[in-house]
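The structure presented is a predicted model; accordingly, all values stated were derived computationally and were not measured.
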Amino acid sequence: MIKVEGLTKRYARNIAVNDVSFEVEKGQIVGFLGPNGAGKTTTMRVLTCFMPPSSGTATVAGFDVLKQPHEVKKRIGYLPETPPLYPEMEVGEYLTFVGKLKGVPSSELKRRVDEVSERCSVSDVRKKLISKLSKGYRQRVGLAQAIIHNPDVLILDEPTSGLDPKQIIETRELIKNLAGSHTIILSTHILPEVEQVCEKVIIISKGRVVAKDSVENLTNRLRGAEAVAVEVEARDGQPLTAPEVQQRLEQIPGVSRVVFKTERDRRLQFEVESLQGRSIRADLARTVVESGWNLNELRAVGLSLEEIFLQLTATEAAAGGGQQ
Amino acid sequence: MRNILVVFAKEIKSYYSSPIAWLLLTMFAAIFGFFFWNAVGYFVSVGLQSQMMGSGFPMDMNEMIIRPLLMNVSVVGLFLIPMITMRLFAEEKRSGTMELLLTSPVRDIEVILGKWLAAVTLYASMLALTALNFSFLFMHGSPDWKPMLVGYLGLLLQAGGLLAVGTFISTTTKNQIVAGGATFGVCLLLWVLEWVAGYETAAWAKVLAYMSVVSHFEPFSKGVLDSKDVVFYASLIFLGLFLTARSLESLRWRA
Ligand SMILES: Nc1ncnc2c1ncn2[C@@H]1O[C@H](COP(=O)(O)OP(=O)(O)OP(=O)(O)O)[C@@H](O)[C@H]1O
Ligand SMILES: [Mg+2]
């Protein structure tokens with residue numbers, strides 16, 4: 001449904017998106033994940049024909065964004081980062097306007113407006129001026145305008161930002177329900193959102209794709225690596241500092257990262273991650289004991305998508321730094 | 001075509017739901033009313049004088065009231081036009097709704113025409129106020145309505161050109177005030193250009209004078225429809241709208 005090949009977008013001073021390629025199948029929900037400034041919004045703006053790519057191609061439903069933008073636009077519903085609202089309009093009036101703009105036939109317009117208002121729970125504010133709406137309601141109206149013409153493809157830039165927890169859950173449900181009949185790309189910083197809503201994730205960092213896979217595969221991919229929670233205590237009340245322990249643990253072969261968590265009653269808690277395919281628990285235990293400390297706890301913890309995300313984007317950052 | 005109407009209706013609605021339109025109409029009504037009753041007062045006093053002196057030379061309402069008033073409207077328009085166009089694109093750029101317009105299956109030219117026509121309509125509704133005043137003349141005299149009609153056509157054409165230029169300027173910034181200020185500067189410049197013709201007769205002065213919008217209006221105010229003036233205004237309209245289209249295009253590339 002969506003095919004992006006070698007997409008690059010240069011601004012005057014920097015490259016926002018660099019040689020990005022991915023594909024999205026019909027009916028899929030894909031999460032676009034990346035830290036601030038990664039290039040998520042830029043990629044979406046190219047896909048929606050808001051701006052042309054500097055090089056590379058992007059097609060939506062078989063239509064090229066450069067050569068047939070009109071056809072692409074007809075098939076896309078887009079919720080930009082800031083919802084594109086007219087404060088002087090009433091909600092219902094606004095949705096009607098967008099419907100007309102998107103080419104919804106007059107005979108269906110009223111029904112569509114009713115339907116999307118219902119779906120995005122804005123029916124009770126239909127008569128309210130948009131300037132008088134709260135941030136969350138604006139976001140919902142933004143979502144409603146994106147689906148008003150029942151588009152094949154939905155592009156949602158941070159659709160849950162600014163919503164309350166209940167609304168976040170409802171919006172995610174709504175997005176999940178829209179999948180199947182719609183192909184959806186959504187961008188987010190929130191990892192649980194991707195885990196809950198998306199089938200596939202594309203992780204992007206500094207304008208490059210660093211990983212693209214199904215959510216399951218991506219979690220599995222680093223399953224070989226393990227994360228271990230360790231609690232260390234000094235024997236006989238001797239002083240013991242976190243940096244000292246951290247340094248010792250980092251020297252163990254196979255350890256990729258040691259994170260100091262907390263100190264409670266002079267007991268230090270760490271989380272230790274291994275390199276892929278390395279088992280470190282035995283070495284960990286031995287090191288702690290040989291150093292003359294008490295080992296209070298040693299427990300395997302799963303590596304969450306969040307940690308994978310950090311690992312991927314961190315290594316990419318290191319690689320990027322090396323090149324400069 | 002339908003898209004032009006959709007954009008047009010939206011613009012008209014937002015003009016009249018903001019204070020801008022009402023402020024413009026009120027200001028214009030006050031200014032024009034002042035000019036009008038001044039002109040009528042003058043006309044009446046001159047009329048009385050000529051009667052007392054017994055010289056019954058015919059008093060021409062068209063020549064003495066309507067023509068100078070139309071000239072005044074033409075100049076007052078230069079000051080009001082920036083206020084009409086300044087928000088057209090600048091506001092959309094500032095609030096992010098440009099992203100909605102440019103990603104909808106609507107051609108740029110349809111958006112531009114919709115907005116420009118809305119601006120012209122607002123200007124036309126200001127002209128309608130002048131017609132209200134002029135109807136007073138028809139109640140008390142019998143001025144010739146044909147030259148008046150030509151005058152109104154001229155006003156619309158002139159405003160159309162300047163509004164198109166203002167629309168273009170509005171695409172170049174996110175800031176309404178900047179757009180308004182720049183448009184005002186351009187309007188002023190296009191007005192004073194004719195002054196060079198007063199002291200200079202070289203070819204360059206003629207070219208500059210030719211570009212003056214107000215001097216092209218003079219024949220209209222007398223009821224003379226000259227194709228070269230129509231062509232001038234039509235070119236100005238085309239140029240303004242063309243630049244607007246180019247500007248939107250380049251906006252995408254730079255965005
Ligand atoms: N109009 C612009 N002109 C110049 N540079 C820009 C422009 N818009 C974005 N950039 C740059 O392009 C890069 C990618 O920006 P983009 O907005 O796509 O990031 P993002 O992934 O959406 O970030 P966020 O999570 O903060 O929304 C950034 O370095 C940004 O500074
Ligand atoms: Mg963004």
> Are there residues of residues 62-84 of chain A that reach to under 4.5 Å of chain B by heavy atoms, and which ones?
Replying inline: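 Contacts with chain B: A/His70, A/Lys73, A/Lys74, A/Tyr78, A/Pro80, A/Pro84.
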> Looking only at heavy atoms, which of residues 116-147 of chain A get nearer than 4.5 Å to chain B?
Replying inline: A/Gln145
Quick check: are there more than 12 heavy atoms from other residues, nucleotides or ligands sitting under 6.0 Å from [atom1] of [X]?
X: A/Glu5; atom1: CD; result: no
X: B/Trp22; atom1: CH2; result: no
X: B/Arg246; atom1: CZ; result: no
X: B/Tyr210; atom1: OH; result: yes

> With only heavy atoms counted, which part of B/Glu92 is less than 4.5 Å from chain A, the side chain, the backbone, both or neither?
Replying inline: side chain
> Non-hydrogen atoms of chain A under 4.5 Å away: do they reach the side chain of B/Ser17, the backbone, both or neither?
Replying inline: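 Only the side chain of B/Ser17 comes within 4.5 Å of chain A.
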> Does any non-hydrogen side-chain atom of A/Tyr86 lie less than 4.5 Å from one of B/Lys10?
Replying inline: yes
> Between CG of B/Asn3 and NZ of A/Lys100, what distance do you get to the nearest 0.5 Å?
Replying inline: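 Between atom CG of B/Asn3 and atom NZ of A/Lys100 there are 11.0 Å.
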> How many angstroms lie between CZ in A/Phe50 and CG in B/Leu101, if you round to the nearest 0.5 Å?
Replying inline: 10.0 Å
> salt bridge (charged side-chain N to carboxylate O under 4.0 Å, His left out): which pairs involve residues 151-171 of chain B, sequence neighbours left out?
Replying inline: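 Every pair satisfying salt bridge (charged side-chain N to carboxylate O under 4.0 Å, His left out) with a residue in residues 151-171 of chain B: there are none.
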> Does the pair B/Glu99/A/Arg45 count as a salt bridge with the N-to-O cut at 4.0 Å?
Replying inline: yes
> Measuring heavy-atom distances to chain B, does A/Pro53 have an atom under 4.5 Å in its side chain, in its backbone, in both, or in neither?
Replying inline: backbone
> Where on A/Ser106 is there a heavy atom nearer than 4.5 Å to chain B: the side chain, the backbone, both, or neither?
Replying inline: both
> Taking only residues two or more places apart in sequence, or in another chain, which ones meet B/Ser125 in a side-chain hydrogen bond (donor to acceptor under 3.5 Å, both in side chains)?
Replying inline: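 Testing B/Ser125 for side-chain hydrogen bond (donor to acceptor under 3.5 Å, both in side chains), a comparison that skips the adjacent residues, returns B/Tyr16.
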Looking only at heavy atoms, what is the nearest atom pair of [X] and [Y], with distance?
X: A/Lys102; Y: B/Ser104; answer: NZ-OG, 3.2 Å
X: B/Val106; Y: A/Leu101; answer: CG2-O, 3.5 Å
X: B/Arg252; Y: A/Lys9; answer: O-NZ, 4.5 Å
X: B/Ser95; Y: A/Leu85; answer: OG-O, 4.4 Å

> Which of these passes side chain to side chain contact (heavy atoms under 4.5 Å, CB included) with B/Lys13: A/Met89, A/Glu93, A/Glu88?
Replying inline: A/Glu93
